[in-house]
Undergrad: 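Structure in structure tokens, see below.
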Amino acid sequence: MLSDPLTLYKLMILYLLKQAKFPLSNSQLSEFFLEKEYTTYFTLQEALNDLLEAHLMTQEVIRNSSRYEITREGEETLVYFGNSISEGIIEDMDKFLKENKIRLRNEVGIVADYYKSTAGDFMVECEVREGKSTLIKLELAVPSEDQAELMCDRWQEANQTIYAFLMKELLKE
């Protein structure tokens, strides 16, 4: 076992990211670490920042939500030092991923964000991702920020219906 708890938390984060095989959000990682009472929120954030600075993972920020993905360097680090994680902790992480994998993937696979365009309106970008593939990506211009925000929020619930509708209409003979 490692003598430095922060190093253990970093290895645990890398392990979760590698085993998930898709990005995990800050809130998803926090859910695991805080529910299992491994560490505090602030210590977790310190570990995440250290991993980013060391280029062992990458970060994508969408509407104030961070999503993390392990890098090749992070995977190599895990190969060398991953055996420092105890079997009990690995069991906890594997169980968390197994019990929550579908929910976790859906949470990070549905992406919506907006920005103000040079024309003065707002561009809304909505996506459904599966792993590294994009299943659908829509870009829509709307006149107000309120509408852009509403569309981003609604995308979470309506993406499957919209995707099914587009597929049906575009494949019609």
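Below, all heavy atoms of this structure are taken into account, side chains as well, without hydrogens, waters or symmetry copies. Numbers here are sequence positions counted from 1.
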Undergrad: Under 4.5 Å between side-chain heavy atoms, chaining through other members, with only Ile, Leu, Val, Met, Phe, Trp and Tyr counted: pull out the rest of the cluster around Val124, sorted by chain and number.
TA: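 For the cluster that includes Val124, the remaining residues are Tyr114, Phe122, Leu140, Val142, Met151.
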
Undergrad: Which residues pass the salt bridge (Lys or Arg N to Asp or Glu O under 4.0 Å) test with Asp153, sequence neighbours left out?
TA: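 Scan of Asp153 (salt bridge (Lys or Arg N to Asp or Glu O under 4.0 Å), adjacent residues dropped) gives Arg63.
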
Undergrad: Search all heavy atoms of Ile85 against all heavy atoms of Met12 and return the closest pair with its distance.
TA: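 Scanning both residues, the minimum pair turns out to be CD1-N, 4.2 Å.
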
Undergrad: Determine whether Arg67 and Val111 make a side-chain contact, defined as any pair of heavy atoms from C-beta on separated by less than 4.5 Å.
TA: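 Counting from C-beta outward, Arg67 and Val111 do come under 4.5 Å.
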
Undergrad: Rounded to the nearest 0.5 Å, how far apart are CE of Met57 and NZ of Lys10?
TA: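 Answer rounded to 0.5 Å: 10.5 Å.
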
Undergrad: Quick one, Phe33 and Thr43 - any side-chain contact, counting heavy atoms below 4.5 Å?
TA: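 No, side chains not in contact.
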
Undergrad: Does Phe22 share a hydrophobic cluster with Leu135, counting links as ILVMFWY side-chain heavy atoms below 4.5 Å and allowing steps through other members?
TA: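 Shared cluster, no.
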
Undergrad: In this structure, are over 12 heavy atoms from other groups packed under 6.0 Å from Gln160 atom CD?
TA: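 Open: at most 12 neighbouring heavy atoms sit under 6.0 Å from CD of Gln160.
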
Undergrad: Which residues pass the salt bridge (Lys or Arg N to Asp or Glu O under 4.0 Å) test with Glu46, sequence neighbours left out?
TA: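 Not a single residue meets the salt bridge (Lys or Arg N to Asp or Glu O under 4.0 Å) criterion with Glu46.
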
Undergrad: Is Arg72 salt-bridged to Glu76, cutoff N-O under 4.0 Å?
TA: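 Yes, this pair counts.
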
Undergrad: Working to the nearest 0.5 Å, report the span between CG of Leu166 and OG1 of Thr161.
TA: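 If we round to the nearest 0.5 Å, Leu166:CG and Thr161:OG1 are 11.0 Å apart.
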
Undergrad: My understanding is that only residues two or more places apart in sequence, or in another chain, count here; which of them pass side chain to side chain contact (heavy atoms under 4.5 Å, CB included) with Val61?
TA: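 Val61: side chain to side chain contact (heavy atoms under 4.5 Å, CB included) contacts with Gln59, Ser66.
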
Undergrad: Please list all pairs meeting salt bridge (Lys or Arg N to Asp or Glu O under 4.0 Å) that have one or both residues in residues 163-173, counting only residues at least two apart or in different chains.
TA: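 Passing the test, one end in residues 163-173: Glu169-Lys172.
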
Undergrad: Working to the nearest 0.5 angstrom, can you tell me the gap between Glu73 CD and Thr77 OG1?
TA: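 So the gap between those two atoms works out to 8.0 Å.
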
Undergrad: Do you know the tightest heavy-atom contact between Pro23 and Gln28?
TA: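 Closest approach of Pro23 to Gln28: O-OE1, 4.3 Å.
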
Undergrad: For Glu125, check side chain to side chain contact (heavy atoms under 4.5 Å, CB included) against everything at least two apart and list the hits.
TA: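 By the side chain to side chain contact (heavy atoms under 4.5 Å, CB included) rule, Glu125 matches Tyr115, Glu139.
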
Undergrad: For residues Cys126 and Asn159, determine if any side-chain heavy atom of one lies less than 4.5 Å from a side-chain heavy atom of the other.
TA: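 Not in contact.
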
Undergrad: Say whether, by atom type as modelled, one donor and one acceptor occur between the side chain of Trp155 and the main chain of Glu127 under 3.5 angstrom.
TA: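 Yes; judged by distance alone, with no hydrogens or angles, the pair exists.
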
Undergrad: Among the clusters formed by ILVMFWY side chains lying less than 4.5 Å apart, do Tyr80 and Leu56 turn up in the same one?
TA: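 Yes, same cluster.
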
Undergrad: Quick one: salt bridge (Lys or Arg N to Asp or Glu O under 4.0 Å) partners of Glu87, sequence neighbours excluded?
TA: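 In terms of salt bridge (Lys or Arg N to Asp or Glu O under 4.0 Å), with neighbours along the sequence ignored, Glu87 is linked to no residue.
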
Undergrad: Excluding sequence neighbours, so at least two apart, what forms salt bridge (Lys or Arg N to Asp or Glu O under 4.0 Å) with Asp92?
TA: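 Once residues adjacent in sequence are excluded, Asp92 has no partner under the salt bridge (Lys or Arg N to Asp or Glu O under 4.0 Å) criterion.
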
Undergrad: Test: salt bridge (Lys or Arg N to Asp or Glu O under 4.0 Å). Region: residues 110-121. Which pairs qualify, not counting sequence neighbours?
TA: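 Not a single pair qualifies under salt bridge (Lys or Arg N to Asp or Glu O under 4.0 Å).
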
Undergrad: Do the side chains of Leu6 and Leu16 join up, straight or via other hydrophobic residues, at under 4.5 Å, putting them in one cluster?
TA: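 Leu6 clusters together with Leu16.
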
Undergrad: As an exercise, state the distance from OG1 of Thr134 to CZ of Arg129, rounded to the nearest 0.5 Å.
TA: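 Going from the OG1 atom of Thr134 to the CZ atom of Arg129 covers 6.0 Å.
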
Undergrad: Okay, side chain of Glu75, backbone of Ile70: is any donor-acceptor separation there less than 3.5 Å?
TA: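 Checking the backbone N and O of Ile70 against the side chain of Glu75, no donor-acceptor pair under 3.5 Å is found.
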
Undergrad: Between Leu14 and Gly74, what is the shortest heavy-atom contact and its length?
TA: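 Reported closest heavy-atom pair: CD1-O, 3.9 Å.
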
Undergrad: Taking all atoms of both residues into account, what is the closest heavy-atom pair of Ser117 and Met123, and its distance?
TA: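 Smallest heavy-atom distance, with atoms named: CB-CG, 3.9 Å.
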
Undergrad: First locate atom NZ of Lys21, then atom NZ of Lys101, and finally report the distance between them rounded to the nearest 0.5 Å.
TA: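 Going from the NZ atom of Lys21 to the NZ atom of Lys101 covers 5.5 Å.
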
Undergrad: Not counting sequence neighbours, list each pair that qualifies as a ring pair (Phe, Tyr, Trp, His ring centres under 6.0 Å) and has a residue in residues 41-72.
TA: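 Every candidate ring pair (Phe, Tyr, Trp, His ring centres under 6.0 Å) pair involving residues 41-72 fails, so no pair, neighbours aside, qualifies.
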
Undergrad: According to a 4.5 Å side-chain heavy-atom criterion applied to Ile, Leu, Val, Met, Phe, Trp and Tyr, with indirect links allowed, do Leu24 and Leu52 form part of one hydrophobic cluster?
TA: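 Result: yes, single cluster for both.
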
Undergrad: Could you tell me the separation between the CG atom of Asp94 and the CD1 atom of Ile89, rounded to the nearest 0.5 Å?
TA: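 Here the rounded value is 12.0 Å.
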
Undergrad: My understanding is that only residues two or more places apart in sequence, or in another chain, count here; which of them pass side chain to side chain contact (heavy atoms under 4.5 Å, CB included) with Ala158?
TA: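 Listed in chain order: Arg154, Ile162.
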
Undergrad: Can any side-chain N or O of Tyr9 pair as donor or acceptor with the backbone N or O of Tyr38 at less than 3.5 Å?
TA: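 Yes, because the side chain of Tyr9 sits within donor-acceptor range (under 3.5 Å) of the backbone of Tyr38.
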
Undergrad: The criterion is side chain to side chain contact (heavy atoms under 4.5 Å, CB included); which residues satisfy it with Arg103, sequence neighbours excluded?
TA: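 Partners of Arg103 by the side chain to side chain contact (heavy atoms under 4.5 Å, CB included) criterion, ordered by chain and then number, come out as Glu31, Asn100, Glu107.
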
Undergrad: Please say yes or no: joined through hydrophobic side-chain contacts below 4.5 Å, possibly via intermediate residues, are Phe81 and Ile13 part of one cluster?
TA: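 Phe81 and Ile13: one cluster.
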
Undergrad: Within a radius of less than 6.0 Å around CD1 of Ile102, do more than 12 heavy atoms belonging to other residues, nucleotides or ligands occur?
TA: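 No, because the 6.0 Å sphere around CD1 of Ile102 holds 12 heavy atoms or fewer from other groups.
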
Undergrad: Hey, does Ser84 have a side-chain heavy atom less than 4.5 Å from the side chain of Leu11?
TA: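 When only atoms from C-beta onward are counted, Ser84 and Leu11 do touch, with a gap below 4.5 Å.
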
